[in-house]
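To keep things clear, I will list the structure first and then write my remarks on it.
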Amino acid sequence: MALEVNGKTLDTDEEGYLSNLGDWVPEVAQAMADADECELTDNHWEVINFLREYYEEYQIAPAVRVLTKAIGKKLGQDKGNSRYLYQLYPYGPAKQACRYAGLPKPTGCV
Amino acid sequence: MAGQCKKIMYLHRRAPYGTVYAQEGLEVVLIGAAFDQDVCMAFVDDGVYQLKAGQDTSAVGMKNFSPAWRALGDYDVTRLYVERESLDERGLREEDLMPLRYEDENDDWAEKSSIVIVDRKEIGRLIDAQDVVFNF
Amino acid sequence: MPVLHTVNKSPFEKNALDSCLSHALDGSTLLLIEDGVYAAMRASSIEPRIRRALKRLRIHVLENDCRARGISEDALIEGVGSVDDAGFVDLVVEHDNVQAWL
């Protein structure tokens, strides 16, 4: 599969995750969200940016439970719960948000 | 598995990049962490090299997965036993390892070290005390 | 030049290094690569073997494999040289033959 962004064709795997992490630009998230008919708000971006920072530091895409806990610690308890995160990302925060953030599919996520 | 908490140990015995065991083993730990079991890890033999500080694979075309060990605390894997004899044989000291820490939620989130250096006999006792040991 | 020997296994896990050292003739060269570089670390139980071998062999490690494993230059046994990828190629060219101990 492939994704058109800024006139460039980027490779993705069969589930739509970017093949090459280095290809990511914010427009990638926008293009993926457009395809899902999902409007990206500041709250969405907060999670995407958080995931990118997490990956940069630990080289893994966090499991949902870990993501929830870590977001709560960094952005406050009102955001560190699965209801909030599933509202933003109904397909699953780890799955959908990780994909928008250009990360690989979280380890152990089915 | 409801109500059943098994004692699980992941026993890592290989150096990080020469084979895929170390990285596969790490992934299994991260996956297994979703199941809320009583998990610990043990690093023996060449496995102690996995925790060596300062790994930089940028020039060899492989992923440096060592930063992921620092995320283990987030996954509630907070006991990493490292065998003293294995360190000694390899000329390594505790200071040569990455500092790995976790926040203890039962102790007002105090930061503590996840790494516990123990001798071979103690590793043997720990293995004996597990319900399951996964060997990588 | 005689033979360039390469060893890519950890000396703690496989006997490739010992086998190589017992077969390598005086004056040949040993290049440690991949997990083989662990043999060149100072203060390990392998150090005496490497020190003895240094009296009759030239011994090098591949720089990038050391860096990947967090082994800095000053952690290497004295007398062990460090080569980059181009240096590896030079060694291969300088020698009549390459023997890879796998």
**Request:** Write down the atom of C:F12, the atom of B:R90, and the distance for their closest heavy-atom approach.
**Result:** CB-NH2, 3.2 Å
**Sole residue of B:D46, B:T19, B:D45 in side-chain hydrogen bond (donor to acceptor under 3.5 Å, both in side chains) with C:S10** = B:D46
**Prompt:** Among residues 125-136 of chain B, which ones touch chain C with a heavy-atom distance under 4.5 Å?
**Reply:** none
**Asked** Measuring from B:T57:OG1 to C:D65:CG, what's the distance to the nearest 0.5 Å?
**Response** 11.0 Å
**Message:** Taking ring pair (Phe, Tyr, Trp, His ring centres under 6.0 Å) as the cut-off, I'd like each qualifying pair that reaches into residues 52-79 of chain C, sequence neighbours left out, listed once.
**Reply:** none
**Asked** Is chain B contacted by the side chain of C:D35, its backbone, both, or neither, given a heavy-atom distance below 4.5 Å?
**Response** side chain
**Request:** May I ask you to name which of B:R13, B:E89, B:M62, B:Q50 has the most heavy-atom pairs under 4.5 Å with chain C?
**Result:** B:E89
**Item:** Residue C:R42 versus chain B: region with a heavy atom under 4.5 Å
**Value:** backbone
**Over all atoms of both residues, closest heavy-atom pair of B:K52 and C:G70** = NZ-O, 2.7 Å
**Atom of C:R69, atom of B:G18 and distance for their closest heavy-atom approach** = NH2-N, 4.0 Å
**Request:** Quick one: sort the B:Y49 and C:Y38 rings into parallel, tilted or perpendicular, breaks at 30° and 60°.
**Result:** parallel
**Asked** Which members of residues 91-99 of chain B, sorted by number, sit under 4.5 angstrom from chain C on a heavy-atom basis?
**Response** B:G91, B:L92
**Prompt:** Which atoms of C:N8 come close to chain B, meaning under 4.5 Å heavy atom to heavy atom: side chain ones, backbone ones, both, or neither?
**Reply:** neither
**Prompt:** How about C:E94: does its CD atom have over 12 heavy atoms from other parts shown lying under 6.0 Å from it?
**Reply:** yes
**Request:** Please list, in residue-number order, every residue in residues 100-112 of chain B that has a heavy atom less than 4.5 Å from any heavy atom of chain C; write 'none' if there are none.
**Result:** none
**Fill in**
Pair count under 4.5 Å, heavy atoms only, with chain B: among C:A43, C:A39, C:S72, C:P11, highest is C:A43
**Greater than 12 external heavy atoms within 6.0 Å of B:K121's NZ** = no
**Request:** I would like to know whether B:R14 and C:E13 meet side-chain contact (heavy atoms from CB on, under 4.5 Å); could you show each step before the answer?
**Result:** CA-CA 8 Å; B:R14 311 286 186 118; C:E13 207 191 324; 3.1 Å; yes
